[in-house]
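Report on one structure; see the data block that follows.
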Number of protein chains: 2
Amino acid sequence: MTDTVASGTVGLRERKKARLRQNLVGSGLRLFLEQGYHGTTTEQIAASVGVSQRTFFRYFATKEELLLEAVAGVDELFLSALRARPADEPPLTALRNAVQDHWNSVDPRTRDFLSRAATVLKDDPAVVDAMTGSCRRHQERIAEVVAERAGVDRAADPRPDVLTAAFLSVLGTARESWSASGSTDADDLLAAARERLDLLPEVVGGGWGTREAEHPAPAPGA
Amino acid sequence: MTDTVASGTVGLRERKKARLRQNLVGSGLRLFLEQGYHGTTTEQIAASVGVSQRTFFRYFATKEELLLEAVAGVDELFLSALRARPADEPPLTALRNAVQDHWNSVDPRTRDFLSRAATVLKDDPAVVDAMTGSCRRHQERIAEVVAERAGVDRAADPRPDVLTAAFLSVLGTARESWSASGSTDADDLLAAARERLDLLPEVVGGGWGTREAEHPAPAPGA
DNA sequence: GAAAGTCTGTCAGCGGCTGACACTTTGCAG
DNA sequence: CTGCAAAGTGTCAGCCGCTGACAGACTTTC
C-alpha cells in the first residue's frame with residue numbers, strides 16, 4: 001500500500017474533504033463580505049462550491065460555525081503569544097503585552113481581512129452574538145494559561161478567571177469604541193486596547209469618580 | 001376630540017393588548033421551565049393563550065424577546081440601586097454594594113423564580129447567548145450611571161465603560177462558577193459575586209502570579 | 001473485482017419568522 | 001344608534017436554518 005506516505009496515511013479522500021471544507025470557508029466569507037451574513041444563505045454557499053445544502057451541513061453544524069472558523073486560528077496565536085511572555089511579568093502586564101505581540105505576529109493580509117470583516121459585519125447582531133459567544137468559550141483557555149503562568153490551581157483560586165474575564169471585556173469595549181469611531185485602521189484598535197488595559201488598575205481603584213475628590217482629571221486622553 | 005381625557009386615554013383596546021402580552025410572557029416562561037427553551041415552540045405558546053402564531057410574532061419580534069422580557073424589570077431595579085448609593089463611594093465599591101442592595105430589593109418569589117430558571121435553562125446555549133446579549137445591551141446604561149456619578153463625560157473618558165465592562169464580566173464568572181457548582185441557593189450566587197468583585201483590585205495589580213514572587217497564597221478561598 | 005465503508009444528493013419535514021389579504025373588533029363622530 | 005376608519009387578528013403561502021432517512025456513487029481494502 002505504500003502507506004509510508006508521511007504519517008497518518010492522508011489518503012485521497014481526506015484530502016478532498018479538507019479541500020472542500022476550505023473552499024466552503026473561503027467562499028462563505030467572501031459572500032458574507034459581499035452581501036452580509038444575514039443576506040447570504042447556506043444554499044448559496046453550498047452552490048458556490050458545487051455541493052448541496054445538505055452537504056454543507058455535514059461539514060458545519062451551523063452557519064455560525066463557518067463564520068467562527070475564520071477567527072479560530074487567530075485565537076490560537078494569542079495563546080502562544082501569552083505563553084511566550086517572560087514568567088516574571090505580572091499577569092495583566094503579560095496579557096497586555098501578549099496582545100501587542102500577537103497582533104504583530106498576524107500576517108498583514110489576515111489583519112486587513114479581519115479589519116474589513118469587522119467593518120462590514122459589525123452591525124449584524126447575529127454576528128456580534130456569535131463573536132461574543134466564541135470569545136466566552138475562548139475565555140477558559142486563556143484563564144488556563146494565566147493560571148499556569150501564575151502557578152495556581154484554577155479550580156480553587158478564582159483569580160485567573162476574574163482577571164481573564166476583566167481583560168477580555170475591556171478588549172471588547174476597545175473593539176466597540178473602535179468600530180463606533182468609524183476607523184478602519186487596525187492600529188487604532190490596538191491603541192485603544194492598550195489605553196484601556198492600562199487604565200484598568202486605576203479604574204478599579206478608589207481614586208476617582210467620587211463627588212468629594214474633585215481631582216483634575218488624572219489621565220483621560222493620554 | 002375631547003383629548004383632555006387625562007394623558008394616554010387607557011382605552012379598552014390597550015388594556016386587552018397589555019393583558020395578552022402578559023399572558024404570553026407568563027405562559028411562555030412556564031412552558032420554558034417545563035419543557036426547556038428549545039423544546040417549546042412559538043405555536044405552543046400562542047395556542048396556550050388562544051391566539052395564532054402570527055399574533056405571537058406581532059407581540060414579540062423573536063422567541064428570545066419573550067424570554068428577555070422576564071429579566072428586564074430586574075435590570076431596571078439594579079440601576080435604581082446604583083443611583084441610590086452615596087455619592088462619595090468609589091465607583092467599584094458602589095457597584096459592589098448596589099449588587100447587594102438590588103438583590104435584597106427583589107422580592108423573594110421573583111428571586112426564587114430566577115434561580116429556578118437559571119438552573120433549568122443554563123445548559124441551553126441559545127438561552128445563554130440571549131442573556132449575554134441582553135447583558136451587553138444593558139452595559140451601556142450602567143456605564144451611563146457610573147459616568148453620571150463620577151461626573152465625567154462618557155464620550156471623552158473611557159473609564160466608566162472600562163469599569164462597567166470589567167464589573168459585568170466578573171459577575172458573569174461568578175454566575176458561571178455558581179451554576180457549575182450545582183448550587184440552587186441564590187445566596188451562594190451573591191456570595192460568589194461579592195468575593196470576586198473584592199478580588200478585582202488585587203487581581204489587576206502586579207502583586208501575584210509571577211514565578212519570582214512565591215508568596216504563600218494570599219487569599220484563595222476566603 | 002467484489003465487499004465494506006464513506007460521501008453525497010434528493011426528498012420530506014420541522015420550527016422560527018414574515019408579507020399579504022380578508023375579516024372582525026374597537027373607537028369615534030354625527 | 002349607526003356608519004366609518006383604525007387597529008387587531010386569523011389564514012395562507014413562503015423563505016431560511018437545520019435534520020432524518022434513504023438510495024446511489026465513490027474510495028478503500030482485500
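Heavy atoms only: backbone and side chains are in, while hydrogens, waters and symmetry mates are out. Convention: sequence-line order gives letters A, B, ...; per-chain numbering from 1.
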Hey, does the side chain of [X] come within less than 4.0 Å of [N]'s phosphate (OP1/OP2), counting only N and O?
X: Lys17(A); N: dC7(C); value: yes
X: Thr42(B); N: dG16(C); value: yes
X: Ser52(B); N: dT9(D); value: no

- Measuring from Leu67(A):CG to Leu121(A):CG, what's the distance to the nearest 0.5 Å?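 Leu67(A) atom CG to Leu121(A) atom CG measures 7.0 Å (nearest 0.5 Å).
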
- Euclidean distance, Phe60(B) CZ relative to Glu69(B) CD, rounded to 0.5 Å: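 Glu69(B) atom CD to Phe60(B) atom CZ measures 5.0 Å (nearest 0.5 Å).
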
- Task: Check step by step if salt bridge (Lys or Arg N to Asp or Glu O under 4.0 Å) holds for Asp107(B) and Arg109(B).
- Result: CA-CA 6 Å; Asp107(B) 79 294; Arg109(B) 282 187 49 207; 5.3 Å; no

- From the options dA21(D), dA20(C), dC18(D), select the nucleotide whose nearest atom is closest to the side chain of Gln53(A).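 Side chain of Gln53(A) sits closest to dC18(D).
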
- Nearest-nucleotide pick for Arg54(A), side chain only, options being dG16(C), dA21(D), dT11(D):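 It is dA21(D).
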
Grab the [atom1]-[atom2] distance between [X] and [N] for me, whole Å please.
X: Arg15(A); N: dT27(D); atom1: CZ; atom2: C1'; value: 12 Å
X: Leu67(B); N: dG16(C); atom1: CG; atom2: P; value: 13 Å
X: Lys63(A); N: dG17(D); atom1: NZ; atom2: C1'; value: 8 Å
X: Leu20(A); N: dT8(C); atom1: CG; atom2: P; value: 6 Å
X: His38(B); N: dC18(D); atom1: NE2; atom2: P; value: 11 Å
X: Phe60(B); N: dT18(C); atom1: CZ; atom2: P; value: 14 Å
X: Leu24(A); N: dG17(D); atom1: CG; atom2: C1'; value: 16 Å
X: Phe56(A); N: dT10(C); atom1: CZ; atom2: P; value: 17 Å

- Task: Start with the C-alpha distance between Glu76(A) and Arg141(A), add both sets of side-chain angles, then the distance that settles salt bridge (Lys or Arg N to Asp or Glu O under 4.0 Å), and finish with yes or no.
- Result: CA-CA 10 Å; Glu76(A) 293 306 316; Arg141(A) 304 188 55 197; 2.6 Å; yes

- Message: Please compare Thr40(A) and Val51(B) by the position of their nearest nucleotide in DNA chain D and report the one closer to 5'.
- Response: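 Nearest nucleotide further toward 5': that of Val51(B).
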
- Toward the 5' end of DNA chain D, which comes first, Arg58(B) or Arg13(A), by nearest nucleotide?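 Nearest-nucleotide comparison on DNA chain D picks Arg58(B).
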
- Item | CA sep, side-chain torsions, deciding dist, call: Phe167(B), Val99(B), side-chain contact (heavy atoms from CB on, under 4.5 Å) | CA-CA 11 Å; Phe167(B) 164 74; Val99(B) 170; 3.5 Å; yes

- Message: Please classify the nucleic acid contact of Tyr59(A) as base, sugar-phosphate, or nothing, using heavy-atom distances under 4.0 Å.
- Response: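 Sugar-phosphate contact only - Tyr59(A) comes under 4.0 Å of backbone atoms but never of a base.
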
- How would you label the contact of Ile45(A) with the nucleic acid (heavy atoms, under 4.0 Å): base, sugar-phosphate, or nothing?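 Answer is nothing: Ile45(A) stays at 4.0 Å or more from every strand.
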
- Message: By nearest heavy atom, map Ala61(B) and Lys16(B) onto DNA chain C; which one lands nearer the 5' end?
- Response: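 Nearest nucleotide further toward 5': that of Ala61(B).
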
